[in-house]
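Here's the structure we're looking at; comments come further down.
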Amino acid sequence: MSLWKKGRIVDIRHVEGKMEVEEYIYTPGIAGLELAKALIEGKILGVKCDGKVYIPAKTFCPDFTRGELVEVEGSWTIETYTIIYEDMYGRKLEKPQIIALLKLENVEGGLIHYVNVDPKTIRVGLKVKPVFKPREERKGLLTDIIYFTVEH
Amino acid sequence: MRVAVIGVGWYGFKPSVPELSFREMMFEAAVRAYSDANIDPRRDVDAFISCQEDFWEGVAISDEFAPEPIGGVLRPTMTITGDGLQCIGQAYAMIKTGAFETIVVEAHAKPSDILSIQEIYELALDPQLRVLNFGNPLFQAGLDAVAYMRRSGARREHLALVAYKNKNRGLLNPRASHAAPVRLEDIMESGTVIYPMSRYEIAEFTDVAINIVLASESKAKGYTDKPAWIDGVGWATELGSGAIEWHSWGRMPSMKLAAQMAYKQAGIESPLKQVDFAEVEDRFSYMELLTLEELGLGGLEGVPRLLESGYYDVKGGLPVNPSSGSLSLGASLEATGLSRLLEAILQLRGEAGGVQLSDARKAIVASWRGPPTYTSAVVIVSSS
């Protein structure tokens, strides 16, 4: 234990540092690659495990079996949501960001994504659908879906 | 054979500790804990366990830095990337084997050093998900809060009431740097940060190092006349830890599983009747309510009603977070769980000062590793 600690703020020094982790490539793997190809086609993949289908698709199932990748379709609803007004540093966002867990009927899990809806009208159970970017702009990323929008 | 806590030490509990590096903070906390336990770490300790995570330290392979500040050089020292209570679980199990008699557990946090803390939280998300811009990487807490409210019937006021209780309570605890005399209206009228929560309902960060010395029953008696006893420890990681979309929204199965494991060891069948107080997860307001439900301390729909009635106040049937919780003490990365265990031990010893309860013999301590994890740990401690 140090007996004499400096308390006067101007006597305290900092050493600047940077963690060299900003450059990275992530191998998408078997499921990731199929998922990317499907997104470019405007499709969403799930993984079939022991009778249940989960999204997003992984190669492996919760019960440690290997799953079968399958295309999922159907009616999407908002299972839960939040609206982000400020970041962790207390800075206000230019526009509140609506984030939701979108659930597909009869499928476990779901997708976390933006919802394009008036914050005043958002609610759990709202029926929504994904809006994809034009095909030529898709890159096989989740951002190939622009957002989910209310179904009319 | 029982396991005792024979010494505790800490340094910090401030939004920033500019005078010391985090390793010096570990050293300060260790010296205090070993003095409290009357032990020489170079002679009397069989193993050292540190709960830490490279990204919080700002160095890679940070476990190599663990032994020296806590007296563990050339002694069995290990690190666990998890909340401090997970280290307590490991130490408890090791002492129970009979191969270890005295074990030091430490965890520390210096979030004030981390200039890019938001970016580190973002980096903890699945790379495939990270392409989206969430605005705030703690968004999961909002998703869980909305789902919890819908399921339990808790209203916005209930969440605000948690912050009101804990923020004001902290005024009596000198370690509670984030305490504030707030009115319920201040919280209700405050702007939303992560819907449905205001700034008052999201714990700020705190720098701290905490060191806790555990010993077997036979050893403990030789060192201290005021041991606290660990009656049970449980921990769990739930489905949804690798694909958060698979999480059970508005629930915390890991907390429930951790509690079941700890209760079984501690012989607890009806926790509401068998414990005197609880130090539970509250780094977001809704988490205090959800945790109480998963711990079986109120039941579904019971928790919001009991909160309203004052049942969880210090003078109620079950004081919850008499320390003032993380909303006042602050969240301390992997040291958060240990900060709550420290408060419970001080209560059991009658050394909690301004927040001392009159009847504090047995407690539940429950911690979550924080977003984006779905890992929880529960410890049962008693004074006799």
Side-chain angles (χ1 to χ4, degrees), chain A residues 1-2 5-7 9 11-12 14-22 24 26 28 32 35-36 54-58 60 62 79-90 92-93 95-103 108-114 119 122 124-125 139 141-145, chain B residues 11 18-21 24 27-28 30-32 35 54-55 58-60 113 115-121 123 125-148 150 191-197 199 202 239-240 242-247 249-250:
Chain A
M1 166 155 70
S2 165
K5 302 181 183 88
K6 288 191 191 299
I9 216 79
D11 295 334
I12 291 164
H14 297 284
V15 180
E16 287 181 12
K18 194 172 181 181
M19 283 184 91
E20 303 300 336
V21 292
E22 290 168 37
Y24 223 95
Y26 294 98
L35 198 72
Y54 291 80
I55 44 176
K58 304 274 165 193
F60 40 85
E79 177 170 321
T80 185
Y81 68 92
T82 185
I83 310 167
I84 307 296
Y85 292 87
E86 284 180 23
D87 72 5
M88 284 183 73
Y89 306 127
K92 278 215 164 3
L93 305 191
K95 195 175 144 228
Q97 180 73 278
I98 301 180
I99 311 285
L101 186 285
L102 294 319
K103 189 153 176 62
E108 308 295 317
L111 287 184
I112 292 173
H113 219 291
Y114 316 128
I122 190 164
V124 171
K139 292 177 178 167
L141 301 171
L142 262 187
T143 43
D144 289 352
I145 299 171
Chain B
Y11 190 88
E19 73 278 15
L20 297 184
S21 72
E24 289 167 340
F27 181 46
E28 294 282 339
V31 170
R32 285 164 169 78
S35 171
D54 285 13
F55 282 90
V59 288
D113 267 5
L115 302 184
S116 53
I117 198 161
Q118 169 161 297
E119 289 73 12
I120 293 177
Y121 273 101
L123 191 63
L125 294 167
D126 188 310
Q128 285 178 345
L129 190 56
R130 218 189 297 148
V131 297
L132 298 175
N133 173 20
F134 296 106
N136 187 324
L138 308 183
F139 68 92
Q140 274 170 271
L143 296 179
D144 262 327
V146 168
Y148 166 73
R150 186 175 162 82
T192 308
V193 174
I194 299 172
Y195 179 83
M197 291 170 286
R199 193 176 173 186
I202 301 168
L239 177 63
I244 59 169
E245 295 91 341
W246 295 2
H247 170 59
W249 298 97

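Lettering of chains follows the sequences in order, A, B, ..., and the numbering in each one begins at 1.
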Q: Could you note down all residue pairs passing salt bridge (Lys or Arg N to Asp or Glu O under 4.0 Å) where residues 125-140 of chain B supplies at least one of them, sequence neighbours left out?
A: A:K58-B:D126
Q: Would you please classify the geometry between the B:Y195 ring and the A:Y81 ring as parallel, tilted or perpendicular, with 30° and 60° separating the classes?
A: parallel
**Q.** Enclosure of A:Y26 OH (heavy-atom neighbours >12, cutoff 6.0 Å)
**A.** yes
Q | Beyond-backbone contact of B:F134 with A:I84, side-chain heavy atoms, under 4.5 angstrom | A | no
Q: Evaluate the side-chain proximity of A:Y114 to B:N133: yes if any heavy-atom separation is below 4.5 Å, no if none is.
A: yes
Hey, what do you get for [atom1] ([X]) to [atom2] ([Y]), rounding to the nearest 0.5 Å?
X	Y	atom1	atom2	answer
A:K5	B:Y11	NZ	OH	4.0 Å
B:I244	A:L101	CD1	CG	8.5 Å
A:M19	B:D54	CE	CG	6.0 Å
A:L35	B:Q128	CG	CD	5.5 Å

What part of [X] gets within 4.5 angstrom of chain B, counting heavy atoms only: side chain, backbone, both, or neither?
X	answer
A:H14	neither
A:I12	side chain
A:I99	both
A:Y89	both
A:I9	side chain
A:A100	backbone

Can you give me the closest heavy-atom contact between [X] and [Y], atom names plus distance?
X	Y	result
B:P137	A:M88	CG-SD, 3.7 Å
A:T80	B:L143	OG1-O, 2.6 Å
A:I112	B:L132	O-CD1, 3.3 Å

Q: Please answer whether the main-chain N or O of A:G110 pairs with a side-chain N or O of B:W246 as donor and acceptor at a distance below 3.5 Å.
A: no
Q: For the pair A:Y54 (side chain) and B:E245 (backbone), establish whether a donor and an acceptor sit closer than 3.5 Å, ignoring hydrogens and angles.
A: no
(Q) So which residue, A:L141, A:D11, A:I55, A:V15, ends up with the most heavy-atom pairs under 4.5 Å with chain B? (A) A:I55
Q: Find the one option among B:V146, B:I117, B:V193 whose heavy-atom pairs under 4.5 Å with chain A are most numerous.
A: B:V193
Q | With B:R150 via salt bridge (charged side-chain N to carboxylate O under 4.0 Å, His left out) - residues at least two apart | A | none
Answer with side chain, backbone, both or neither: which region of [X] has an atom nearer than 4.5 Å to a non-hydrogen atom of chain A?
X	value
B:P127	side chain
B:E24	neither
B:I194	both

